[in-house]
Peer 1: 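Below is the structure I would like to discuss, written out as structure tokens.
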Amino acid sequence: MAATKAIELEIAGRTVRVSNPDKPYFADRGLTKLDIVNYFVAVGDGILGALRDRPTTLERWPGGWFEGAKLSTRMDNRGDAFYQKRVAKGAPEWVETATIKFPSGRPADEVCPTELAVVAWAVNLGTLTFHPWPVRRPELDSPDQLRIDLDPQPGTDFKSAVAVAPALRELLAEHGLEGFPKTSGGRGLHVYVPIEPRWTFVEARRAVIALGRELSHRLPEQVTVNWWKEERGERVFIDYNQMARDRTIASAYSVRPNARARVSAPLRWEELDDVVPDDFDVLTMPTRFAEVGDLHAAVAEKAFSLDSLLDLSAKHERDLGEADLPYPPEYPKMPGEPKRVQPSKDRDRPKD
């Protein structure tokens, strides 16, 4: 298909150039690059609320999504899509950055959106999914959100995650916390808990481990925190490592790379039983947003304490011997971390 002439859009006082606006981005649904830009503008207050002042990794699909497209998990820009963790060269002067540190200690200047034009600029580069850190400037080492990822394992699905949600909500309330759910845009469910930026990534991760463990104690047939896939079974995995430094999840309102062009949709707790991920996509979400507004707006307005969850973590370790859990393989060995060896390959593990 021949490239179409670039256009310029006026977005909140900025001029944003969109090259090849008619380029297919989700061909099966007839969606173009310009359609995706217009989608993000339509949910502008929501996407900006999710990203504002947060270092953000861009998941770029410069050729659009198509069946069989591959997302590279390496930072080498190979494949049909890739993650960009450093600001692109030639970015406009109004694209601000924040300097973050990876687990290795290496720094990077990452895009830090402050206005809607930055979102449109990133979409012009092929960004479909925005992955903001759970921190905001200037407190870049202190999370201000707990992100609880309910990840259905093989044999389970979105409804399995929904079935666990009431128990999670009850558990959060017991510890003086309030959560805000959203679809992942895939099969899972995310719950955000706004917190005071007073704790480290290590402490925030331990708080999520405590939540996940307590939930697995109450719902052992439905929930697991086992890091190793061979031990998870047909249960919902609470992916506690999403709270580790440099781990991120798709923001609210992000577009997900699948055939339907689903989006990650903020929800009310009361509607969980009545929705499915396919209800929310690039074509349906603008109407919903116009009707209900940003259901995650309060995430930026509230802030709770982690003290009670950290007390629970200490209780698990003291009374049950449940200490830390493994980090992802690319992380340096962390203090107090157990052996990072798949159980079936651990020669020192006692035999049954």
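The figures here come from the full heavy-atom set of this structure, side chains too, leaving out hydrogens, waters and symmetry mates.
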Peer 1: Between the side chain of Arg54 and the main-chain N/O of Val135, is any donor-acceptor distance below 3.5 Å?
Peer 2: yes
Peer 1: Taking side chain as C-beta onward, heavy atoms only, is Leu309 less than 4.5 Å from Val208?
Peer 2: no
Peer 1: Decide yes or no on salt bridge (charged side-chain N to carboxylate O under 4.0 Å, His left out) for Glu337 and Arg206, but give the supporting numbers first.
Peer 2: CA-CA 11 Å; Glu337 181 189 1; Arg206 286 302 294 267; over 6 Å; no
Peer 1: Is the backbone of Ile7 close enough, under 3.5 Å, to the side chain of Arg17 for a donor and an acceptor to pair up by distance?
Peer 2: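 Not confirmed, Arg17 side chain does not pair with Ile7 backbone.
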Peer 1: Which heavy-atom pair separates Val299 from Pro194 by the least distance, and what is that distance?
Peer 2: O-CB, 3.3 Å
Peer 1: Please determine which of Thr56, Asp246, Thr57 meets the side-chain hydrogen bond (donor to acceptor under 3.5 Å, both in side chains) test together with Lys85.
Peer 2: Asp246
Peer 1: Checking Glu234 against Thr156: is there a side-chain donor and acceptor pair closer than 3.5 Å?
Peer 2: no
Peer 1: Has the side chain of Thr127 got a donor or acceptor atom that lies under 3.5 Å from a matching backbone atom of Thr129?
Peer 2: no
Peer 1: Does NZ or CZ of Arg205 fall inside the cone over Tyr327's six-membered ring, less than 6.0 Å from its centre and within 45° of the axis?
Peer 2: yes
Peer 1: Locate the shortest heavy-atom distance separating Thr224 from Asn226; write the atom from each residue and the value.
Peer 2: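 Result for this residue pair: OG1-N, 3.0 Å.
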Peer 1: Assess the residue pair Val263 and Val43 against the criterion (side-chain contact (heavy atoms from CB on, under 4.5 Å)); give the C-alpha distance rounded to whole Å, side-chain angles, the decisive distance to 0.1 Å, and a yes or no.
Peer 2: CA-CA 11 Å; Val263 303; Val43 298; over 6 Å; no
Peer 1: Got a sec, which pairs hit ring-ring contact (aromatic ring centres under 6.0 Å, His included) with one end in residues 38-57, sequence neighbours left out?
Peer 2: Phe40-Phe130
Peer 1: Between Gln153 and Arg232, is a side-chain hydrogen bond (donor to acceptor under 3.5 Å, both in side chains) present by the stated rule, with each step listed?
Peer 2: CA-CA 8 Å; Gln153 298 302 288; Arg232 294 178 190 170; 3.0 Å; yes
Peer 1: Answer yes or no: is there a donor N or O on one side and an acceptor on the other, between the side chain of Glu203 and the main chain of Thr200, under 3.5 Å?
Peer 2: yes
Peer 1: I'd like to know if the side chain of Asp149 reaches the main chain of Ile249, judged simply by a donor and an acceptor atom lying under 3.5 Å from each other, with no hydrogens or angles considered.
Peer 2: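 Flag not set: sc Asp149 to bb Ile249 has no pair under 3.5 Å.
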Peer 1: If you look only at distance, which donor and acceptor atoms sit under 3.5 Å apart when one is on a side chain in residues 92-99 and the other is two or more places apart or in another chain?
Peer 2:
residue: Glu96; atom: OE1; partner: Arg137; partner atom: NH1; Å: 3.1
residue: Glu96; atom: OE1; partner: Arg137; partner atom: NH2; Å: 2.9
residue: Thr99; atom: OG1; partner: Asp109; partner atom: OD1; Å: 2.6

Peer 1: Can you see which heavy atom on Glu322 is nearest to which on His217, and at what distance?
Peer 2: OE2-NE2, 3.2 Å
Peer 1: Taking the basic N atoms (NZ, or NE/NH1/NH2) and the acidic carboxylate oxygens, is any pair closer than 4.0 Å for Glu139 and Arg136?
Peer 2: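 Salt bridge between Glu139 and Arg136, a charged N being under 4.0 Å from a carboxylate O: no.
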Peer 1: Please test Asp80 against Lys70 for salt bridge (charged side-chain N to carboxylate O under 4.0 Å, His left out), starting from the C-alpha separation and ending with a verdict.
Peer 2: CA-CA 5 Å; Asp80 303 298; Lys70 301 295 184 182; over 6 Å; no
Peer 1: What heavy-atom pair brings Ser216 and Val223 nearest, and what distance separates the two atoms?
Peer 2: CB-O, 3.6 Å
Peer 1: Measuring from atom CZ of Arg245 to atom CH2 of Trp133, what distance do you get when rounded to the nearest 0.5 angstrom?
Peer 2: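 The CH2 atom of Trp133 is 5.5 Å from CZ of Arg245, to the nearest 0.5 Å.
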Peer 1: If only atom types and distance count, is the side chain of Lys33 paired as donor or acceptor with the main-chain N or O of Gly126 below 3.5 Å?
Peer 2: no
Peer 1: In Å and rounded to the nearest 0.5 Å, what is the CD1 to CG distance from Ile36 to Asn124?
Peer 2: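 Atom-to-atom, Ile36:CD1 and Asn124:CG are 12.5 Å apart.
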Peer 1: Go through the steps to decide whether Tyr240 and Trp227 satisfy the test side-chain contact (heavy atoms from CB on, under 4.5 Å), and finish with yes or no.
Peer 2: CA-CA 9 Å; Tyr240 60 87; Trp227 176 245; 3.2 Å; yes
Peer 1: Which atom names give the shortest non-hydrogen contact between Tyr331 and Pro103, and what distance separates them?
Peer 2: CE2-CG, 3.3 Å
Peer 1: Is there a side-chain contact between Val225 and Ile209 (heavy atoms, below 4.5 Å)?
Peer 2: no
Peer 1: Between Arg247 and Asp239, is there a side-chain N and carboxylate O pair less than 4.0 Å apart?
Peer 2: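 Between Asp239 and Arg247 there is no salt bridge, as every charged N stays at least 4.0 Å from the carboxylate O atoms.
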Peer 1: Going by distance alone, is a donor N or O of one side chain under 3.5 Å from an acceptor N or O of the other, for Asp311 and Ser308?
Peer 2: no
Peer 1: Output yes when Glu271 and Arg288 qualify as a salt bridge under the 4.0 Å nitrogen-oxygen rule, no when they do not.
Peer 2: yes
Peer 1: Please walk me through it: do Lys159 and Asp273 pass salt bridge (charged side-chain N to carboxylate O under 4.0 Å, His left out)?
Peer 2: CA-CA 8 Å; Lys159 290 299 183 184; Asp273 287 330; 5.7 Å; no
Peer 1: Within the side chain of Asn38, is there an N or O that forms a donor-acceptor pair under 3.5 Å with the backbone of Asp35?
Peer 2: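 Absent.
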Peer 1: Could you walk me through whether Arg198 and Glu196 pass the salt bridge (charged side-chain N to carboxylate O under 4.0 Å, His left out) check?
Peer 2: CA-CA 6 Å; Arg198 297 196 289 118; Glu196 300 166 352; 2.6 Å; yes
Peer 1: Look up atom CZ in Phe237 and atom CG in Asp151, then write down how far apart they are to the nearest 0.5 Å.
Peer 2: 7.0 Å
Peer 1: Counting only N and O atoms by type, is there a donor-acceptor contact under 3.5 Å from the side chain of Arg60 to the main-chain atoms of Phe82?
Peer 2: no
Peer 1: Given Phe280 and Val275, is the side-chain contact (heavy atoms from CB on, under 4.5 Å) satisfied, shown in steps?
Peer 2: CA-CA 9 Å; Phe280 312 105; Val275 301; 3.9 Å; yes
Peer 1: Salt bridge or not for Glu178 and Lys302, using N-O below 4.0 Å?
Peer 2: yes
Peer 1: Are Ile100 and Pro107 packed together at the side-chain level, in the sense that at least one heavy-atom pair is separated by less than 4.5 angstrom?
Peer 2: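 No, every pair of side-chain atoms sits at 4.5 Å or beyond.
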Peer 1: Using a strict cut-off of less than 4.0 Å between a Lys/Arg side-chain nitrogen and an Asp/Glu carboxylate oxygen, indicate whether Glu10 and Arg14 qualify as a salt bridge.
Peer 2: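 The answer is no: the pair does not qualify as a salt bridge.
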Peer 1: Sort and list the pairs that fulfil side-chain hydrogen bond (donor to acceptor under 3.5 Å, both in side chains) and have at least one residue in residues 185-194, not counting sequence neighbours.
Peer 2: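 Qualifying pairs, neighbours excluded: Lys182-His190.
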Peer 1: When you measure from the side chain of Asp157 to the backbone N and O of Ser160, does any donor-acceptor pair fall under 3.5 Å?
Peer 2: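 Between the backbone of Ser160 and the side chain of Asp157 there is a qualifying donor-acceptor contact (under 3.5 Å).
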Peer 1: Tell me whether the count of non-hydrogen atoms from other residues, nucleotides or ligands lying under 6.0 Å of CD in Glu221 goes above 12.
Peer 2: no
Peer 1: Would you give the length of the straight line joining atom CD of Gln342 to atom CD of Glu231, rounded to the nearest 0.5 angstrom?
Peer 2: 9.0 Å
Peer 1: Between Arg260 (side chain only) and Asp281 (backbone N and O only), is there a donor and an acceptor less than 3.5 Å apart?
Peer 2: no
Peer 1: Identify the heavy atoms of Ala91 and Trp121 that sit nearest to each other, and give their distance.
Peer 2: CB-CZ2, 3.5 Å
Peer 1: Can you tell me how far apart CG (Leu168) and CD1 (Ile238) are? Round to the nearest 0.5 Å.
Peer 2: 6.5 Å
Peer 1: For Asp279, is there an ion pair with Arg262 - N to carboxylate O distance below 4.0 angstrom?
Peer 2: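 No, no charged N to carboxylate O under 4.0 Å.
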Peer 1: Nearest 0.5 Å, what's the CG-CG distance between Asp53 and Leu140?
Peer 2: 9.5 Å
Peer 1: Starting from the C-alpha separation in whole Å, work towards a yes-or-no answer on side-chain contact (heavy atoms from CB on, under 4.5 Å) for Val292 and Leu295.
Peer 2: CA-CA 7 Å; Val292 305; Leu295 296 181; 4.1 Å; yes
